[in-house]
2 protein chains.
Amino acid sequence: MSDSALSVIQEIRRPTLHEEVVDRIREMISEGELPVGTRVPEKELCAKFGISRTPLREALKVCANDGVITLLPNRGAWITQLTPEDVDELFPIMGSLEALSGELACCNATDADVAEVKALHYEMAMHYARGDQPSYNRVNQMIHQKIMEIAANPTLLQVYRSLAERIRRVRYLANASTNRWDAAMKEHEAILAALEARDGALLAHLLKSHLLNKREAVKKVIREDDRSSL
Amino acid sequence: MSDSALSVIQEIRRPTLHEEVVDRIREMISEGELPVGTRVPEKELCAKFGISRTPLREALKVCANDGVITLLPNRGAWITQLTPEDVDELFPIMGSLEALSGELACCNATDADVAEVKALHYEMAMHYARGDQPSYNRVNQMIHQKIMEIAANPTLLQVYRSLAERIRRVRYLANASTNRWDAAMKEHEAILAALEARDGALLAHLLKSHLLNKREAVKKVIREDDRSSL
DNA sequence: GCGTTGCATTTTGAATGCAAAATGATACTA
DNA sequence: TAGTATCATTTTGCATTCAAAATGCAACGC
């Protein structure tokens, strides 16, 4: 294979074992199957996946690099527990990245794109009206992700996804209070309007504020309920 | 050890083999010792580091996750070659992150912090006056990093560093043309002024534009010289 | 009774081994 | 000669093994 071809080729590739394990571990963490703050014995996970230690350990190193797992040399792998400082630090970063996605999305969005976001918005509003928070959260996430996709910056999406994974478990603590939920819904109406108007600067600002407001709400919940597992 | 203590402890830890290897590989790539677009035979690197394949392979997976290395299953590790698209995508992200760092830095900066940035700025101006581009670039990087540090968001710094690694080799192609170098220097004067005035919004805007301007300059160089190794 | 020390067990870090896939070279066919 | 098929060699993916570090427990001293 010529070297210069490397940047172009995009061949079919069956994922390797360790990649599948990385995905599976991330999944298990966000599903709560691997509780935050606990230790993960290698042997146990090997048995569960039916693989040897080598690919599992490779996956653990990758997860550790992403921050979802903390590796203590000679003392095993621990599911990373977000500190209040982590939350403080992560939300502004997410806000900046989403702001950028908003800007770019306004440049790129086709009418079909906007229509799709609008449809998702109404779907979310439906769940809101019914008080179905899990469904609301799911569609909410889809909206943010959709805007990211419209932005058409795969690298941005990748960075965003990796960070989103880390705060996924706390992100929707925010709407625990009805007040915050109402406010979030209103913010989303403004977000949709800005996208429809293709007002990139405004959309960027709204998304950024949206995330910062979420941070405050989450911190409040955490403060109130010190036992909430981050 | 109690689980809840985990988030607090900050013990001494000797880096493990694979971590050292990750650092070393990153270093070798940015030094050009591992040329972009080429293949890295495991055996060769093992010999060079005097280690077995296991920790080396762990390091490769981590680097691949960061994007500096591309892993083709059964076909080895390749030093990732940035495409023009990657450049297009990375600079706006860097710009957003730097903008955030500017905002935060303006909130936090002590007079001593500002004095330090100012000192670095003059040091950079000196190298500019002498036409010493390598030194200029080095100090330039220190200024951006210093602002990041003043922002006091370790997570942001970590994300930033990981992305900076990827574009490090092209970042300073920008100043290849004297025109761009002059402009960059002027932009840096405005950046310093905004920091001194603690004008977060302005500093954010300046840093963001600074990065976008860099992108255009870099792309121009790349277009002109198609053989430049990305 | 409480804390410390020493030792067996468990768990992790890294090296080695083995099978599968890819690579490269040669021979063969049209 | 161009193209394909075959096979030895190399390289990779994963499993296994071995050594070092950590853990847990019991014996011991105070």
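Proteins come first, then strands; the chains are lettered A, B, ... in the order of their sequence lines, and each starts at number 1.
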Response to the item:
By nearest-heavy-atom nucleotide on DNA chain D, the more 5' of B:Lys61 and A:Asn74 is B:Lys61
Let me know the distance between [atom1] of [X] and [atom2] of [N], rounded to the nearest Å.
X	N	atom1	atom2	result
A:Leu71	D:dA21	CG	C1'	16 Å
B:Arg53	C:dC18	CZ	C1'	11 Å
B:Lys43	D:dG13	NZ	P	15 Å
B:His18	C:dA15	NE2	P	14 Å

Item to complete: Establish, with yes or no, whether the OP1 or OP2 oxygen of C:dA14 is under 4.0 angstrom from a side-chain nitrogen or oxygen of B:Thr54.
Response: no
Worksheet item: According to the interplanar angle, ranging from 0 to 90°, do the rings of A:His121 and A:His188 count as parallel (below 30°), tilted (30 to 60°) or perpendicular (above 60°)?
Response: tilted
Worksheet item: What distance do A:Ile191 atom CD1 and A:Ser209 atom OG have between them, rounded to the nearest 0.5 Å?
Response: 9.0 Å
Worksheet, complete the sentence: Among D:dT11, C:dT16, C:dA22, the one nearest any side-chain atom of B:Arg39 is D:dT11
Discussion item. I want to verify a distance call: between D:dA15, D:dG13, C:dA14, whose nearest atom is closest to the B:Thr16 side chain?
Written reply: C:dA14
Discussion item. Determine whether a donor-acceptor pair (N or O, by modelled atom type, separation under 3.5 Å) exists between the side chain of A:Gln141 and the backbone of A:Arg138.
Written reply: no
Worksheet entry | B:Lys48 vs B:Glu33 side-chain heavy atoms within contact, under 4.5 Å | yes
